[in-house]
Number of protein chains: 2
Amino acid sequence: MDNPETHPVQDTTEQKIFEAAHEVFTQKGMDGAKMQEIADRAGINKALLHYYYRSKEKLYEMVARAIINKAMPAIRQVIESELPLEEKIRRFIGTYIDIISQNPYIPLFIISEINKHPERFFDAILPATLPRPEVFFRQVEEEIAAGKIRYIKPQHLIVNIVSMCAFPFIGKPMIRILLGMGPGELRIFLEERKYEVTTFILASLRPE
Amino acid sequence: MDNPETHPVQDTTEQKIFEAAHEVFTQKGMDGAKMQEIADRAGINKALLHYYYRSKEKLYEMVARAIINKAMPAIRQVIESELPLEEKIRRFIGTYIDIISQNPYIPLFIISEINKHPERFFDAILPATLPRPEVFFRQVEEEIAAGKIRYIKPQHLIVNIVSMCAFPFIGKPMIRILLGMGPGELRIFLEERKYEVTTFILASLRPE
DNA sequence: ATTTTTTTTAACCACTTAGTTAAACCTTAC
DNA sequence: GTAAGGTTTAACTAAGTGGTTAAAAAAAAT
C-alpha cells in the first residue's frame, strides 16, 4: 500500500508541463500563450518542453483534446439517450452547468479557438465527440404531435437551451458588471440557473 | 457640389489604416494581430501605422471603442426606455439580432478581449456605455405583481434573453456543424430567431 | 563497475515582433 | 521659385519568438 508507484497524481515532469500548458493556453489562447511562460510555470527549462512535446502546436493540440474530452462525452451521453424529453432537458441542463462550473474556461476556450482555426478543430479534434441531435429532434416532434408541448422548431429549442447554459459562463465578467455582482454572488447566481433555466424552458414549452 | 472636400467615405490614409486594423483585430484579436498585416491590408508601409497611431495598444483601443460604440447605444436605449415590457422585449431582441447580424464579430470580440484584459475595458472603454437594467427590473416586478406574467427573477430573465440573442453568433461554427447547416441556411436560421426567441420568451412568461 | 538510456541544462540560431530614424516626397503658401 | 508643412518611405534596432544542439547529470540496465 505504501508503494510509491500507485498513481495518485504522480507529479512527473511531463505532467507538470502539461498542467502548466493547460493553464496558459486556457487563459491566453494559442496566440497569447508563450512557451517560456509555460516553462516557467512548470518550473523547468524551455528546452524540456520541446523534449516532451515536439512543438507548441502539438502541445496545444493535446491540451485542446483533453479539454474537449472532459466536457463532451457526458453531455453527449445525455442528449443521445432515450430518456423522456422533460427528464432529458432537466438532466442536460444540470449536467452541463455542473461540468462547466467546475471548468468555467471550457466554453470560451472551445469557441474562440474554433473561430481562429476552424480546420484544426473539425478535422483533428472534434470528430467523433460531437453529439448527434437526431434522437432529441425526434422526441420533440413526437411530444408536439402528442400535444404534450406547444409547437417549436427543435433546432431553435436546442440552441436556446445551450445558449442559456453556456453564455453566462462565457460572458461572466460582463454579467458581473451589468448586474453589479461580486464573485461570490455570481457563483450563487450560476448555481441558481440550473433551476431557473429548467423552469424557464419547461414553462415556455407548456401547450397553449 | 463637386467639392472634393464633402465627406462621403473620404478614403484618407488614416481611415484606410483604421479599417484594416478593424478587420485584423476583430478576426485575430489583440495577440493574433500583427502590425505588418495591418500595414499590408491598408496598402501602406508599416512605419505609417506608427505615424498615425502611436502604438499597437493605441490603435487597438480606438478600434475597440468604435466597435462598442456601434453596438451598445442602440441596445442601451431600448432597455432603458419606458416602453411597456412586452414591447420592450420584442424591440430588444429585434434590435440586438439586427445589429449583430450586420456585425457578427462583435459579441465574441468584446467577450474574448474582456476576458484577456478586463482592466482595459472596464476602466477605459466601457464606462458610460453599459446599459442600466434598473428600469427593466422594476417593470418585470410590476408585471409580476399585476399578474400579467409568472414569477421570475428579473436578473435571470435578462440573462436568458441576452444569452439566446448573443450565443448563436458566438457559437456560429459549432452550431453549423451540430445542425449540419451551410452558411446560407445558418443566415436564415439566425434571422428566424428574431421571431423564435421572442415567442419562446413570451411563452415562458405566460402566467400559470 | 560500467555501459546505456533517459532527463535536464545552458547556450545558441534563425526569424518575427513592435517600434524608430532620417531622409525623401509631396503639396500648398508666400 | 522656394520655404514650410504635413506625408511617405526604406532601412534599421532591440527585444522577443519557437525551436535546436551538444553536452552534462541522473537513473537503469548489464
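Proteins come first, then strands; the chains are lettered A, B, ... in the order of their sequence lines, and each starts at number 1. The model shown is predicted, which means the values in this text are computed figures rather than measured ones.
Checking the phosphate oxygens (OP1, OP2) of D/dT8, a side-chain nitrogen or oxygen of B/Y52 falls inside 4.0 Å.
In this structure, the OH atom of B/Y53 is 17 Å from the P atom of C/dA18, given to the nearest Å. Between the CG atom of A/L49 and the P atom of C/dT8 there is a distance of 12 Å, rounded to whole Å. Rounded to whole Å, atom P of D/dT7 lies 14 Å from atom NZ of B/K16. Going from atom CD1 of B/I44 over to atom P of D/dA10 covers 11 Å, rounded to whole Å. The distance from atom OH of A/Y51 to atom C1' of C/dA10 is 17 Å, rounded to the nearest whole Å.
At a threshold of 4.0 Å, the pair A/R187-A/E191 does not count as salt-bridged, since none of the basic side-chain nitrogens sits closer than that to a carboxylate oxygen. Ion pair B/E19/B/R41 not flagged as a salt bridge, since none of the NZ, NE, NH1 or NH2 atoms sits closer than 4.0 Å to an Asp/Glu carboxylate oxygen.
Residue pairs meeting the ring pair (Phe, Tyr, Trp, His ring centres under 6.0 Å) criterion with at least one member in residues 87-109 of chain A, sequence neighbours excluded, are A/H22-A/Y105, A/F92-A/Y96.
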Generate the contact string for nucleotides 11-24 of chain D. Rules: B means base contact, S means sugar-phosphate contact only, - means no protein heavy atom under 4.0 Å. ------SBBBB---
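Under the 3.5 Å distance criterion, with hydrogens and angles disregarded, no donor-acceptor pair is assigned to the side chains of A/D98 and A/Q102.
Between A/Y53 and A/F18, the ring-plane angle classifies as tilted under the 30° and 60° cut-offs.
The ring-ring contact (aromatic ring centres under 6.0 Å, His included) test applied to B/F189 returns A/H156, not counting sequence neighbours.
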